[in-house]
Protein chains: 2
Amino acid sequence: MTMDPHLLRTFVTVVRCGSFSEAARELGYTQSAVSQHIAALEADLGAALLRRRPVAPTGVGERLLEHAGPLLLRLDAARADIARLTTAPAARVVVGVAPLAMTHRLGAALAALRRQQPLVEVTVRALGREAVARDVATGGLDLGLFDGATAPHDPLHLADTGPLTTRAVTEQPLAVALPATHPLVGRAGLRLSDLADAQWIDAPDTAVPLAQLRAASETDGYRPALRYDGTDVHGLRTLVAAGHGLALLPRPAVGDVPGAGTAAAGLGVVAVPLSAPRLVHRIEVVHSSAVAGPAALLATALAADTRSKDPAGTPSRGPAEPPTEDAVEERGVRAG
Amino acid sequence: MTMDPHLLRTFVTVVRCGSFSEAARELGYTQSAVSQHIAALEADLGAALLRRRPVAPTGVGERLLEHAGPLLLRLDAARADIARLTTAPAARVVVGVAPLAMTHRLGAALAALRRQQPLVEVTVRALGREAVARDVATGGLDLGLFDGATAPHDPLHLADTGPLTTRAVTEQPLAVALPATHPLVGRAGLRLSDLADAQWIDAPDTAVPLAQLRAASETDGYRPALRYDGTDVHGLRTLVAAGHGLALLPRPAVGDVPGAGTAAAGLGVVAVPLSAPRLVHRIEVVHSSAVAGPAALLATALAADTRSKDPAGTPSRGPAEPPTEDAVEERGVRAG
DNA sequence: GCGGTCCATCAGCAATACTGATGACCATGG
DNA sequence: CCATGGTCATCAGTATTGCTGATGGACCGC
């Protein structure tokens, strides 16, 4: 009667599987039970949620899905959070890293941690952005490194899954990755709005997602010429070099150009700095505010020059502190 | 086993009531049932949640509370949202307004609506900030007007309760409200950081909440000399005039000074503009993205000069458009 | 039209979630 | 010092719920 989470869970499973029976198998129920679950939900809400044969959500069902996902996530997050409080912190850290959040600085911080506490078992897991956020909330990760494009000093926006603490790690300039043969290669800087009609590669987990560009520049456009689902920057660079489209990346990530100039040697990809709007690539570290043990150490090491602070203002999320400039990451990359 | 919302509901009720029996009465259960609910939760989570006699949450219980509130809210929001989709839109609008969001512009928009659609039954309800957000999410309000201090053009942050749409209505300069006898009265502008150690009135529902000041200026301080729980600006001005402390308000709200200068005639309150940090008072209109009927009209009228846009980027919340300058509100208030 | 697959429905059973009674505990006050 | 009125915990009993497993109708490919 109160929109039982169980029912929601089977609902989303059914939609994902596109099948009652398959969902039943996955959830360890009988098909009968699943059918009854859906019937109960539909009776409770007074509307059809699924069209059967083929199984697909109705309009109302679509809407319920938008609620059900975050709701179940938050539920899992709550359980995981109190579990963290009750069980002692293990001598183990699992760090989830979004592709563009993998920096030298993280490497150094990890090295320091392992030097300081050699017995701690450290795992680094490369993940997509949402996966990082989700797994930190649900306890699969002790620490997450998360990135995105924002105005300077503005925090990133996470889905609200409970009392998480986020702190800034780095802000870096953004650059457009162009194939070396592109006519715009010579430019000193590019305005994003001039590129709205260009060919873009949609790499939501690797580059700055096109949705963020649309939001920032308040236009539609930035239509994806190709979608890249990997979590690996090199793969994306290769696609850019092959002329499949542009991508917006933190300038250091476009190419580890050792000499002067902006052309990445042999990669066929060139970085041209973003001149407008004033956006930066920001990396934040995120963890439960109930974190303890080595993960807490690592978090403060990453956000070294900033004060630690617990949630204030909004209860759900601590304010992100102003970022420290990351000398390591900026080294050797001055615009030409 | 899956942290049944029923159990969470009784848990928060018990904490609020400070009593199992009282909570049972309120929820329509027997005391026995409530006792079993709590026991079930504690067994499920494997930790004591409440200290009995007197009844108070343990540390873990406190933590669970932080999750339970938003969770139940989101659950209610989901139910309300799909209810809005299924039932036809009524010829009725209920608008919730936070104290500082009550502007001439809203008055004008309401007038236009009533002229256009005389049969629509219009209700305006003055509420605190969280109440506005909550009731819009749970369907008690068709439309909410919400305010806060942010950097110019930055959206306000709402608790994430599902697919809501927010649009900017106004941005106004902020000013510190001082008693007329205050030594700083003559100043052309004030830096917030210089006032961290001043006496402040904490009026979270009326003025800019002190927590926001702390977050914006990244200091502790702004200790409340007195707390004001009303939702009425006049009451707050009176307290400021009596010297109980300062408050940060949108400049027009400090006093409707008709002549030149900044001293509000006879009120004993003086506005001195905030010179740093660069914060503005922003008003947004918020409603379900499933809104329809007269409420939708009113919403677009309020956000007149901006495009309407549905959620993009983050799935949960539409991006707030850049605000229009509100000539009406700014009239007659030029700094001296 | 026949086997296969799908979902809906029904009966039956087992687990659940209540109620109401009782008991332990702790105040307060005669 | 023991009564009294309050609290919450516990227990037995019962009504309801939520599952399984079987059956039946609808649809699809052959």
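Proteins get letters first, then strands, A, B, ... in listed order; numbering begins at 1 in each.
Checking side-chain atoms of B:Arg167 against main-chain N and O of B:Thr165 turns up no donor-acceptor pair under 3.5 Å. Without hydrogens or angle criteria, A:Ser289 side chain to A:Pro163 main chain gives a donor-acceptor distance under 3.5 Å.
Rounded to whole angstrom, the span from the CZ atom of B:Arg9 across to the P atom of C:dC18 amounts to 10 Å. Between A:Asp4 atom CG and D:dC19 atom C1' the separation is 13 Å, expressed in whole Å. The CD-P distance, from B:Glu42 to D:dA9, rounds to 8 Å in whole Å. Counting to the nearest Å, the C1' atom of D:dA9 and the CG atom of B:Leu50 are 13 Å from each other. Computed from coordinates, the A:Arg52 CZ to D:dC28 P distance equals 16 Å when rounded to whole Å.
For the helix from C:dG1-D:dC30 to C:dG30-D:dC1, the terminal axes (five pairs an end, C1' atoms, rotation from four pairs onto the next four) enclose an angle of 20°, given to 10 degrees.
Residues A:Leu158 and A:Glu130 have side chains not in contact (no heavy-atom distance under 4.5 Å, counting atoms from C-beta outward). Contact annotation: the side chain of B:Leu45 never approaches that of A:Thr86 to less than 4.5 Å [non-hydrogen atoms, C-beta and beyond].
For B:Glu121, the CD atom is loosely surrounded, since the number of other residues' heavy atoms within 6.0 Å does not exceed 12.
Listed by chain and number, the residues in a salt bridge (Lys or Arg N to Asp or Glu O under 4.0 Å) with B:Asp142 are B:Arg92 (sequence neighbours excluded).
When ring centroids are compared, B:Tyr228 and B:His244 stay outside the 6.0 Å threshold.
Near DNA chain C, defined here as any heavy-atom distance below 4.0 Å, the residues from residues 20-40 of chain A are A:Phe20, A:Ser21, A:Gln31, A:Ser32, A:Ser35, A:Gln36, listed numerically.
Residue B:Leu127 comes nearest to B:Thr231 through the heavy atom pair C-CG2, 4.3 Å, listed as atom of the first residue, atom of the second, then distance.
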